[in-house]
Amino acid sequence: VCVCVCVPGSNILWFPTVPHGCPQGRKWHEKGKDGRSGSFPLLSGTSSVQRYHDFFRQRPPANISYVFYHSDTANHCPTAAFWAEHYHSRVLRHSGAALLSKPSRNAVTVAVHLRRYDITTFANTAKRVHKDSFFLRVLTQLRNYLPPSRRMAVHIFTSALLHSKRESLRHSVANAFYAFNATVHVNTPDTDTFDAFVMADILIVDLSRFSHLAGMWSLNLKLASPFRYATNCDARWVGLTPQGTFSEPGFRKAWECWQKYPQAYDLSGRCG
């Protein structure tokens, strides 16, 4: 008998056991740090959400497997709180926190996902990226709207597939965001980058499932333009126009909600 738990609205099926006869595609066997082995079946036809298996499975109990299924549904909101709580309760350590340095205790960490050479080796031909001007407008507004005592500490995460492009990319991004004294992170490990997105006080999402999922699991503020996935799951999401602007009242409402419920997984019935 195959015991399966499926959370309604989720793109993920949870198998307490994976006996003979359970639906499964490719298997990936991995031994954890504690010496235990696990079998992690991945159904065929799934998308890049497979990359996030390690975020779920840090120190899994024995015989636990996660199966990723139908990851391209547009609305992951119904199970966002469930998986956010799972992530925050199961992660061994927040490896991304070390990347989010800030000049003072009251500073607000802002993580920017700047897609460039991870999609194509020529950024100007990539379709799923925002231009620098988009992010500069967002950061300019943030600086104007944040309380005077809350200085921004901007961290930009980007990547290049080709080693030869990395330093030139770092240099061009640093120059473009010089006015914000931004710290530029190029090709940091996926796990650390994802965790930094989750832990940042404010996450600015690019047109990416990677940073979008981090936004879903973040308990902080998320700013995102219209995308193929839902970006309005709760009051901590702030909508951006395709040009990188957003309303001050909308941001202040999200800020106040975040300040009032800083560790809430589910904001149902809260903040309006």
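Owing to the predicted nature of the structure, the values given are computational and were not obtained by experimental measurement.
Aromatic ring pairs are classed by plane angle as parallel below 30°, tilted from 30° to 60° and perpendicular above 60°; the pair Trp255 and Trp258 is perpendicular. Ring-plane geometry between Trp217 and Phe194 is classed as perpendicular, the angle between the planes exceeding 60 degrees on a 0 to 90 degree scale with a lower cut at 30. Phe82 and His86 have parallel rings, their planes meeting at less than 30° on a 0 to 90° scale where 60° marks the start of perpendicular. Ring planes of Phe210 and Phe197: perpendicular class, angle over 60° (limits at 30 and 60°).
Among Leu219, Asn220, Leu223, the single residue meeting the side-chain contact (heavy atoms from CB on, under 4.5 Å) criterion with Arg236 is Leu219. Partner of Ser159 under the side-chain contact (heavy atoms from CB on, under 4.5 Å) criterion, chosen from Asn187, Asp190, Thr188: Asn187.
Contact detail for Lys222 and Gly215: the closest heavy-atom pair is CE-O, 3.1 Å. Scanning both residues, Phe227 and Ser208, for their nearest heavy atoms gives CZ-N, 3.3 Å. Nearest heavy atom pair, residue Lys102 against residue Ala153, reads CB-CB, 3.8 Å. For Ala111 against Phe157, the heavy-atom pair with the smallest separation is CB-CE1, 4.2 Å. Minimum interatomic distance between Lys165 and Ala160 (heavy atoms only, all atoms of both residues): CB-CB, 3.9 Å. Across every non-hydrogen atom of Arg270 and Asp266, the tightest pair is NH1-O, 3.9 Å.
Residues Asn181 and Arg151 form a side-chain contact, since some pair of their non-hydrogen atoms from C-beta on lies under 4.5 Å apart. Side-chain contact between His130 and Phe135 is present, with heavy atoms from C-beta onward closer than 4.5 Å.
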Phe246 and Arg137: CA distance, side-chain angles, deciding distance, side-chain contact (heavy atoms from CB on, under 4.5 Å) verdict: CA-CA 9 Å; Phe246 56 95; Arg137 290 191 190 98; over 6 Å; no
Check against salt bridge (charged side-chain N to carboxylate O under 4.0 Å, His left out), Arg170 and Glu167: CA-CA 5 Å; Arg170 185 192 305 275; Glu167 287 308 311; 3.6 Å; yes
Test log, rule side-chain contact (heavy atoms from CB on, under 4.5 Å), inputs Tyr229 and Arg209: CA-CA 8 Å; Tyr229 305 109; Arg209 285 175 288 193; 2.9 Å; yes
CA sep, side-chain torsions, deciding dist, call: Tyr87, Asp195, side-chain hydrogen bond (donor to acceptor under 3.5 Å, both in side chains): CA-CA 10 Å; Tyr87 176 80; Asp195 192 62; 2.4 Å; yes
Residue pair His88, Val198: steps toward the side-chain contact (heavy atoms from CB on, under 4.5 Å) verdict: CA-CA 9 Å; His88 286 274; Val198 173; 3.6 Å; yes
Stepwise side-chain contact (heavy atoms from CB on, under 4.5 Å) test for Val154 and Leu142: CA-CA 11 Å; Val154 179; Leu142 275 178; over 6 Å; no
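Residue Ile156 holds its CD1 atom at 9.0 Å from CZ of Phe180, rounded to the nearest 0.5 Å. Remark: His113 NE2 to Leu203 CG distance equals 9.5 Å, nearest 0.5 Å. In this structure, CG on Leu114 lies 6.0 Å from CG on Asp132, to the nearest 0.5 angstrom. A distance of 8.5 Å separates CD of Gln141 from CG of Leu240, quoted to the nearest 0.5 Å. Within the model, atoms CG of Leu139 and CZ of Phe134 stand 10.0 Å from one another, a figure rounded to the nearest 0.5 Å. Expressed to the nearest 0.5 Å, how far CE of Met199 lies from CG of Asp192 amounts to 13.0 Å.
Put simply, Leu213 and Tyr265 are part of two different groups of oily side chains (I, L, V, M, F, W, Y) that touch within less than 4.5 Å, one to the next.
The stretch residues 156-258 participates, sequence neighbours left out, in these disulfide bond (SG atoms under 2.5 Å apart) pairs: Cys77-Cys233, Cys257-Cys271.
Proximity of a side-chain donor or acceptor of Ser89 to a complementary backbone N or O of Glu85 within less than 3.5 Å is detected. In this structure a side-chain-to-backbone donor-acceptor pair under 3.5 Å is missing from Arg166 to Val186. With hydrogens and angles ignored, the 3.5 Å screen pairs a side-chain donor or acceptor of Arg115 with a backbone N or O of Leu207. Judged by distance alone, with hydrogens and angles left aside, the side-chain atoms of Thr140 form a donor-acceptor pair with the main-chain N or O of Leu136 at under 3.5 Å.
Checked for salt-bridge contact, Glu248 and Arg252 meet the test: a charged N lies under 4.0 Å from a carboxylate O.
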